Chemist: 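The structure under discussion is supplied below as structure tokens; questions concerning it will follow.
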Amino acid sequence: MILRSVLVLVLLVGILSPASESLRFELQSSQTKCIAEDIKSNSMTVGKYHVVKPNEDHPLPDSHKLSVRVTSSYGNNFHSAEKVESGQFAFTASEQGDYTACFWVPEHSPQITVTVDFDWRTGVHTKDWTNVAKKGQVDAMELELKNLFDTVQSIHEEMFYLRAREEEMQELNKATTSKMFWLSFLSLFLCLSVAGLQFWHLKSFFEKKKLI
Amino acid sequence: MEKTRGGMWALMCFLLLNWLSNVSSLSVTVTDVECVYEYVLYQGDTISGNFVVVDHDIFWSSDHPGIDFIVTSPGGNTVHSLKGTSGDKFEFQAPRSGMYKFCFHNAYSTPETVAFHIHIGHIPSEHDLAKDEHLNPINVKIAKLREALESVTAEQKYLKARDTRHRHTNESTRKRVIGYTVGEYLMLVAASLLQVFYIRRLFSKSVAYNRV
């Protein structure tokens, strides 16, 4: 009854490689949007979110404040916040899997739209780039190059992952083919046996009825 | 001293902004329209990306006809559009800076999951080199290198999304094949049982068999 139509949009991040997303999306009142990211084990992840203010001067009314929950695929809660304007979370993923960050705004009678700015970085991109300001020019370039090197390494790892996935798919296809092969034999056998049983049963039936 | 510090800051900011080249990768369940907003800092930036429709529940029907992808510039013009595809890559220059809207439109009622990746890349041009004397041509090269690596990463994400789509298709096919085969067996056995019962009934005592 209260649920007018809670539209749950599951936003899955279908990647394993280090990624950063700084994106905006809109939330209607009493609507929940979830973003999930597949994170490798023992990789650092940082997320920042804030509500984009419609007008800068006025403070944000309660109806525009958003609530957040970050959970792992096993149900462990890593971060939650109720009715906040902005926040951030950081943790090291203990197990590989889908980590979901869900956002929602409380119910409000005239439907309001809240724009949320969300920035989620994992792996390579986690390194806080405000540290760049402290270093000198050459150090900044060195940091850039180090970053490029880390990106190359992550690309390398991702290639291994893709290769493994492709092999899994090949195994799956092979298993399906062999299963179909055996099933077709089974169907032939079944057909013949059913026909044979029918024939035998009817023959004995007619012999019993003394028609044959 | 002041000048070098100012120059250093300019370089920091430049490197920061370079780094801020947006990367966003996630997938959305599109029931009607889903939009994501990304901010483009400079005019002439290359907006590149890809998206793949990872089919949801293809069970009875064949492949989904596809979804539409529309990119709208801050001025409201449609910059790029793709109709009825199941996944594609795109790349174009941003005609102006501002907030761009990337929308997925699903013309049919079945919800579809779309995995997409958007990257906004900026390479400092010769003009920027001439303006800022602290800008090294090496920074341009580093920016180009970064863009090349990002394109490799984007391609990997595309491959991974396509792999997921193929995996879904294969698993669905496998389930369907096994289901239909077992159903076929059951139907065969049921049909033969019905045949036997009918023939028995035809020749039973209660019905005069010379009527047959």
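Small disclaimer: the values here were computed from a predicted structure and weren't measured. Hydrogens, waters and symmetry mates play no part in the numbers below; they use all other heavy atoms, side chains included. Just so it is clear: chains get the letters A, B, ... in the order the sequence lines come, proteins before strands, and each one is counted from 1.
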Chemist: To the nearest 0.5 angstrom, please state how far the CZ atom of R165(A) sits from the CG atom of D163(B).
Modeler: 4.5 Å

Chemist: Name the region of V196(B), side chain, backbone, both or neither, that has any atom closer than 4.5 Å to a heavy atom of chain A.
Modeler: both

Chemist: By a 4.5 Å heavy-atom criterion (distance strictly below it), what part of L162(A) contacts chain B: side chain, backbone, both, or neither?
Modeler: side chain

Chemist: Nearest 0.5 Å, what's the CD-NZ distance between E166(A) and K160(B)?
Modeler: 15.0 Å

Chemist: Run Q195(B) and L202(A) through side chain to side chain contact (heavy atoms under 4.5 Å, CB included) and show every step you take.
Modeler: CA-CA 10 Å; Q195(B) 270 180 324; L202(A) 283 175; over 6 Å; no

Chemist: How about Q156(B) and Y161(A): do any of their side-chain heavy atoms sit closer than 4.5 Å?
Modeler: no

Chemist: Name the member of V194(A), T176(A), L197(A) that forms the most heavy-atom pairs with chain B at distances under 4.5 Å.
Modeler: T176(A)

Chemist: Measure M180(A) against the heavy atoms of chain B and call it side chain, backbone, both or neither at under 4.5 Å.
Modeler: side chain

Chemist: So which of V152(A), T115(A), L186(A), D117(A) has the biggest tally of heavy-atom pairs under 4.5 Å with chain B?
Modeler: L186(A)

Chemist: Relative to chain A, which of R174(B), H166(B), E171(B), M99(B) shows the most heavy atom pairs under 4.5 Å?
Modeler: R174(B)

Chemist: Nearest heavy-atom pair of M141(A) and N139(B): which atoms, and what distance?
Modeler: CE-ND2, 4.0 Å

Chemist: Counting heavy-atom pairs closer than 4.5 Å to chain B, which one of Q198(A), H201(A), E168(A) comes out on top?
Modeler: Q198(A)

Chemist: Report the distance from atom CG of D150(A) to atom CG of L149(B), rounding to the nearest 0.5 Å.
Modeler: 11.0 Å

Chemist: Does any heavy atom of chain A fall under 4.5 Å from the side chain of S192(B), the backbone, both, or neither of them?
Modeler: both

Chemist: About how many Å separate OH of Y37(B) and CD of E26(A), when rounded to the nearest 0.5 Å?
Modeler: 4.0 Å

Chemist: Can you tell me which of L188(B), N170(B), T181(B) forms the most heavy-atom pairs within a distance under 4.5 Å of chain A?
Modeler: N170(B)

Chemist: Mind checking the CZ-CG spacing from R163(A) to L159(B)? Nearest 0.5 Å is all I need.
Modeler: 13.5 Å

Chemist: Does CZ belonging to F92(B) count more than 12 external heavy atoms closer than 6.0 Å?
Modeler: yes

